[in-house]
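Worksheet: one structure, shown below.
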Amino acid sequence: MGQATAGVESTRGRWLGLKASWIKPLAFGALNIASASGIVFANKLVMTTYGFSFTCTLTWIHTLFTLVGMRLFLMAGMFQHKSLQLRQVLPLAAAYVGYIVLCNLSLQVNTVGFYQVMKIAVAPTVMLLDLIVFGIVPAPKVVASVVLVCLGIGIATVTDSTLVKHFYGICVGAAATLITALYQMWAGSKQKELQASSMQLLHQYTPQAALILGLLIPLMEPVGWASLTGNAAAAGNGKTILSYQYTPAAVAVIFVSAVLGLLVSLSTFLVIGCTSSLTYNVVGHLKTVIILTGGCMFFGDEMPPKKLLGVGVAMAGIVWYTQLKIGSAQAKLAAKAAEPLQLVVSDSSNGGSSSTNSARYNSSTGVDEGIMSPASLISPSMGTAKPRIVTTADKAVAALYYKPAASAVLPALHRPNR
């Protein structure tokens with residue numbers, strides 16, 4: 001009866017632990033989906049309704065708002081300052097700027113269909129980079145689920161009959177995909193490499209990114225006070241950054257877009273930091289499905305059979321990927337809970353050896369990695385372990401930190417007093 005109760009408690013504990021471990025990823029994912037979806041509509045208002053078509057400048061404004069926002073978060077005590085060297089964060093800042101500039105350039109020189117195909121290719125590229133750089137081999141089922149998601153998004157969004165216009169467009173699209181995958185991969189690996197939280201890393205690299213974008217603006221967009229004329233005006237709306245009419249309504253929409261940009265950047269690092277860059281890509285495809293479905297339900301967009309099929313296939317892949325991730329998390333929790341508390345108590349009569357602890361004992365610090373050392377169960381004497389009876393207090397301490405494994409090991413530790 002006691003064993004059955006212990007088994008139920010163990011299962012309940014693992015389930016509660018699983019739910020707790022998914023609270024942050026789900027919350028961060030929801031924030032990313034909401035902010036990334038909102039910024040799509042906000043940017044559409046900024047660029048089409050109010051005619052502010054300067055993508056590099058708008059991104060620079062987003063980055064400045066992110067910089068100010070992270071400084072305010074630091075002052076509010078939401079995270080601790082961590083100093084990092086310029087060479088440590090410069091690759092991440094350059095990748096951030098590169099993926100934005102190249103994605104915008106790809107959209108300009110390629111068809112919308114080819115641009116979307118290159119965005120879909122980011123997820124397989126992330127898996128390839130993880131394999132090359134870190135030696136991470138994803139499970140075949142995970143690969144299949146990601147391929148299914150990408151296939152569904154492709155069916156739903158790619159509508160152009162002619163995807164490729166010229167070789168230059170292919171090169172730009174491929175470069176945008178590679179740099180985007182690198183940025184997402186580094187957003188996760190740099191947090192572990194530099195032992196910095198999502199907010200600390202974002203706070204450190206944003207100034208460099210803002211500086212690089214500020215230097216690129218005069219090279220990529222018209223800045224002068226006078227409006228454009230002639231061929232330059234025909235290529236755009238005739239406005240420059242300084243000659244644009246900044247009405248209160250336009251400024252308000254740009255402000256909303258910038259705040260959403262801050263939330264997108266922050267939630268991106270939070271999602272990748274607590275999951276992976278691959279999971280972030282799947283979350284991004286879920287956002288695409290939500291935008292397509294929401295446009296049909298609330299804005300009267302058409303939902304032809306091809307788009308509906310693509311949405312269905314993508315959702316099937318997303319559900320499958322989520323189930324695989326939950327199953328993987330359950331397996332890890334179960335394996336951790338099943339780690340036995342192995343205490344080898346030597347017999348002083350045969351000149352025994354010192355005690356060992358298989359729970360990842362760190363000999364240099366004398367403390368287990370994240371777990372209380374069970375040295376209280378052993379009485380060391382001159383380099384050897386002297387056996388003694390395990391008391392009720394010892395059992396309570398071990399059960400607290402090693403439950404449920406301790407319940408299976410502690411009975412064997414009882415010995416007659418010699």
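Excluded from the calculations below are hydrogen atoms, water molecules and symmetry mates; all remaining heavy atoms, backbone and side chain alike, are included.
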Picking from Asn32, Leu31, Ile33, what satisfies side-chain contact (heavy atoms from CB on, under 4.5 Å) with Val271? Asn32
Which residues pass the side chain to side chain contact (heavy atoms under 4.5 Å, CB included) test with Ala121, not counting sequence neighbours? Thr177
Just say parallel, tilted or perpendicular for the rings of Tyr96 and Tyr183, cut-offs at 30° and 60°. tilted
Evaluate Thr240 against Val223 for side-chain contact (heavy atoms from CB on, under 4.5 Å), listing each step before the verdict. CA-CA 5 Å; Thr240 65; Val223 180; 6.0 Å; no
Is there side-chain contact between [X] and [Y], with heavy atoms separated by less than 4.5 Å?
X: Leu211; Y: Gln208; result: no
X: Tyr244; Y: Tyr50; result: yes
X: Leu202; Y: Met199; result: no
X: Tyr321; Y: Leu148; result: no
X: Thr55; Y: Met47; result: yes
X: Phe114; Y: Val158; result: no
X: Val313; Y: Val149; result: no
X: Leu74; Y: Met78; result: no

Could you give the distance from [atom1] ([X]) to [atom2] ([Y]), rounded to the nearest 0.5 Å?
X: Ser276; Y: Gln184; atom1: OG; atom2: CD; result: 10.0 Å
X: Cys103; Y: Lys119; atom1: SG; atom2: NZ; result: 7.5 Å
X: Lys24; Y: Cys274; atom1: NZ; atom2: SG; result: 8.0 Å
X: Arg71; Y: His203; atom1: CZ; atom2: NE2; result: 4.0 Å
X: Ile272; Y: Trp186; atom1: CD1; atom2: CH2; result: 13.0 Å
X: Thr57; Y: Met220; atom1: OG1; atom2: CE; result: 9.5 Å

Heavy-atom closest pair, residues [X] and [Y]:
X: Cys150; Y: Ile120; value: CB-CG2, 3.3 Å
X: Leu92; Y: Ala187; value: CD1-N, 3.9 Å
X: Lys325; Y: Thr279; value: CE-OG1, 3.7 Å
X: Gly214; Y: Pro218; value: O-CD, 3.4 Å
X: Ala258; Y: Ile61; value: CB-CG2, 4.1 Å
X: Val126; Y: Leu278; value: CG1-N, 4.0 Å

Answer yes or no: does atom [atom1] of [X] have more than 12 heavy-atom neighbours from other residues, nucleotides or ligands under 6.0 Å?
X: Phe167; atom1: CZ; value: no
X: Lys306; atom1: NZ; value: yes
X: Phe255; atom1: CZ; value: no

Under the 3.5 angstrom rule, does the side chain of [X] hit a backbone N or O of [Y] as a donor-acceptor pair?
X: Gln204; Y: Ser83; result: no
X: Asn110; Y: Gly169; result: yes
X: Gln195; Y: Lys192; result: no
X: Glu221; Y: Cys56; result: yes
X: Gln88; Y: Leu194; result: no
X: Thr157; Y: Ile153; result: yes
X: Ser37; Y: Ala34; result: no
X: Trp60; Y: Ala210; result: yes
X: Ser265; Y: Leu262; result: no

Between Val101 and Leu216, is a side-chain contact (heavy atoms from CB on, under 4.5 Å) present by the stated rule, with each step listed? CA-CA 9 Å; Val101 171; Leu216 287 177; 4.1 Å; yes
Report yes if the distance between the aromatic ring centroids of Phe269 and Tyr280 is under 6.0 Å, otherwise no.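 So the answer is no for these two rings.
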Aromatic centroids of Phe79 and Phe73 separated by under 6.0 Å: no
One pair to check against side-chain contact (heavy atoms from CB on, under 4.5 Å): His62 and Ile39. What are the steps and the verdict? CA-CA 11 Å; His62 289 178; Ile39 202 172; 3.7 Å; yes
May I have the step-by-step check of side-chain hydrogen bond (donor to acceptor under 3.5 Å, both in side chains) for Thr63 and Thr66, ending in yes or no? CA-CA 5 Å; Thr63 307; Thr66 301; 5.8 Å; no
Report the C-alpha separation of Ser198 and Gln191 in whole Å, then their side-chain angles, then the decisive distance to 0.1 Å, and conclude whether the side-chain hydrogen bond (donor to acceptor under 3.5 Å, both in side chains) test is met. CA-CA 7 Å; Ser198 302; Gln191 294 183 46; 2.9 Å; yes
CA sep, side-chain torsions, deciding dist, call: Thr275, Phe28, side-chain contact (heavy atoms from CB on, under 4.5 Å): CA-CA 10 Å; Thr275 58; Phe28 296 155; over 6 Å; no
Return the set of residues passing salt bridge (Lys or Arg N to Asp or Glu O under 4.0 Å) with Lys190 (not counting sequence neighbours), or none when no residue passes. Glu193
